[in-house]
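The structure displayed is predicted, hence computed values, not measured ones. Numbers here simply count residues along the sequence, with the first being 1.
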Amino acid sequence: MYEERPPAPELAGRVVCAWGQIPEADGTQLVVPDGCVDLIWGPAGLFVAGPDTGPMPAPLRAGEVLAGIRFRPGGTGEVFGVPVHGLRDQRVPLAALNRAAWSPLLSPDAAPSVSSDPRLLLDERLRLMRRAVAARIHETAPPDPAAPALVAALRSGLSVREAAWELGFSERQLHRRSVAGFGYPPKTLQRVVRFQRALRLARSGVALAEVAAASGYADQAHLSHDVKRLSGVPLSRLLT
């Protein structure tokens, strides 16, 4: 079972969703780049999954409970107390980042009581995480206000140079703000948002030639090459 829940109102500007997963069987889940940063509570405790630049296989065990808060691309800001680029392609225990700031969540007293019902445990973990994330958002500076506009510009098919011009930045400024806000440079961000747009269109049933054109690829071969580079598998594997 995997489900996504809309963010609480106080988190909506920074968070895509809260999510929960209780696997029905052992296996491996392929996590692909989406520009997001996730705070995850799993069997081994709380950890942060940084912005990925390639596929990240995640082992799953039947019946384990995973709860997550997914930050929007560019929405993480200073919540974790470290630069976002320092989390790139990393899975880092929350306690190793800023234990003092997250003490309400990391304290043994904060752990939900053991429940024989995995769904009740999931609900309690998400409740505690939402409260802690809301507190951190209130305590820290907001992210770069230009982040959503940068994502929109690159998603629309503009080149990095055109996006910089559109937003009134030099290419050097755009590079600096992209690394600070998203964890990687604008060329990588462009590939990620283009890939995610293509994935959404393909999953909705759009023909791959149309997906390539609508997502800003030169042709279907370019789409296939980029998907394989970012996910490690053909696009068809991501549609099943």
Neighbour count above 12 (heavy atom, 6.0 Å) for H222 NE2
yes

Contact check, side chains of F71 and L11, non-hydrogen atoms, under 4.5 Å:
no

Nearest-0.5 Å distance that lies between atom OG in S215 and atom CG in L199:
9.5 Å

Does some side-chain heavy atom of W102 sit less than 4.5 Å from a side-chain heavy atom of L94?
yes

Examine distances only and state if a side-chain atom of R176 and a backbone atom of E171 form a donor-acceptor pair shorter than 3.5 Å.
no

What pair of heavy atoms forms the shortest contact from G68 to M129, and how long is it?
CA-CE, 3.9 Å

Backbone N or O of I40 within a donor-acceptor pair of the D38 side chain at under 3.5 Å?
no

Using a 3.5 Å distance criterion without hydrogens, assess whether the side chain of Q190 forms a donor-acceptor pair with backbone atoms of L158.
yes

Does the side chain to side chain contact (heavy atoms under 4.5 Å, CB included) test come out yes or no for E3 and M1, once each step is laid out?
CA-CA 7 Å; E3 64 177 13; M1 180 278 290; 3.8 Å; yes

If hydrophobic clusters are built by linking Ile, Leu, Val, Met, Phe, Trp and Tyr wherever their side-chain heavy atoms come under 4.5 Å apart, do L154 and F169 end up in the same one?
yes

Closest non-hydrogen contact found for S178 with P186 is OG-N, 3.3 Å

Decide yes or no for L60 and Q21: does some side-chain heavy atom of the first lie under 4.5 Å from some side-chain heavy atom of the second?
yes

Take a 6.0 Å sphere around CZ of R161 and say whether it holds more than 12 heavy atoms from other residues, nucleotides or ligands.
no

Carboxylate-amine/guanidinium proximity below 4.0 Å for D52 and R91
yes

L87 versus P51: any side-chain heavy-atom pair under 4.5 Å?
yes

Counting distance only, does the side-chain N/O of S231 pair as donor-acceptor with the main-chain N or O of V227 below 3.5 Å?
yes

Let me know which of L150, T188, V193 forms a side chain to side chain contact (heavy atoms under 4.5 Å, CB included) with F182.
L150

If you apply the rule salt bridge (charged side-chain N to carboxylate O under 4.0 Å, His left out), what do you find for R72 with D34, and how did you get there?
CA-CA 9 Å; R72 295 183 181 279; D34 59 5; over 6 Å; no

Quick one: does P23's side chain get under 4.5 Å of R61's, heavy atoms only?
no

More than 12 heavy atoms of other residues, nucleotides or ligands under 6.0 Å from CZ of R119: yes or no?
no

Using modelled atom types only, decide if a donor and an acceptor are shared between the side chain of E166 and the backbone of A163 within a distance under 3.5 Å.
no

Would you say L66 and L122 are hydrophobically clustered, going by side-chain heavy atoms of ILVMFWY under 4.5 Å?
no

Is a side-chain N or O of D26 found less than 3.5 angstrom from the main chain of A62, in a donor-acceptor match?
yes

Between the OG1 atom in T53 and the OH atom in Y184, the distance rounded to the nearest 0.5 Å is 8.0 Å

Looking only at atom types and distance, does a side-chain atom of E210 sit under 3.5 Å from a main-chain N or O of L201, one as donor and one as acceptor?
no

Ionic contact status for E4 with R70, cut-off 4.0 Å:
yes

Using the rule that Ile, Leu, Val, Met, Phe, Trp and Tyr join whenever any side-chain heavy atoms are under 4.5 Å apart, tell me whether V31 and F195 fall into a single cluster.
no

Within-4.5 Å side-chain heavy-atom neighbours: R200 and Q196
yes

From OG (S224) to CG (L235), nearest 0.5 Å
7.0 Å

Taking atom CH2 of W19 as the centre, does the number of heavy atoms from other residues, nucleotides or ligands within less than 6.0 Å exceed 12?
yes

Distance-minimising heavy-atom pair for C17 and P7:
CA-CD, 4.1 Å

So, for P59 and P57, which heavy atoms are closest and what is the spacing to 0.1 Å?
CD-O, 3.9 Å

Salt bridge check: are R136 and E139 linked by an N-O gap of less than 4.0 Å?
yes

When rounded to the nearest 0.5 angstrom, what is the spacing between CZ in R191 and CG in L189?
10.0 Å

Single-linkage hydrophobic cluster, 4.5 Å side-chain cutoff, L223 and V32 together
yes

Check L208 against A202 and note the closest heavy-atom contact, atom names and distance.
CD2-CB, 4.2 Å

I need the L46 CG to L105 CG distance, nearest 0.5 Å.
4.5 Å

Note, R5 side chain near D123 side chain (heavy atom, < 4.5 Å)
yes

What's the verdict on side chain to side chain contact (heavy atoms under 4.5 Å, CB included) for F80 and T140, showing C-alpha distance, side-chain angles and the deciding distance?
CA-CA 9 Å; F80 296 112; T140 56; over 6 Å; no

Should the pair R194 and Y217 be classed as cation-pi, given the thresholds of under 6.0 Å to the six-membered ring centre and 45° from the axis?
yes

What distance do E64 atom CD and I22 atom CD1 have between them, rounded to the nearest 0.5 Å?
10.0 Å

If hydrophobic clusters are built by linking Ile, Leu, Val, Met, Phe, Trp and Tyr wherever their side-chain heavy atoms come under 4.5 Å apart, do L97 and V37 end up in the same one?
yes

Between E124 and L121 (side chain of the first, backbone of the second, donor and acceptor by atom type, cut-off under 3.5 Å), is there such a pair?
no

Least distance between heavy atoms, G54 atom then P33 atom:
N-CG, 3.5 Å

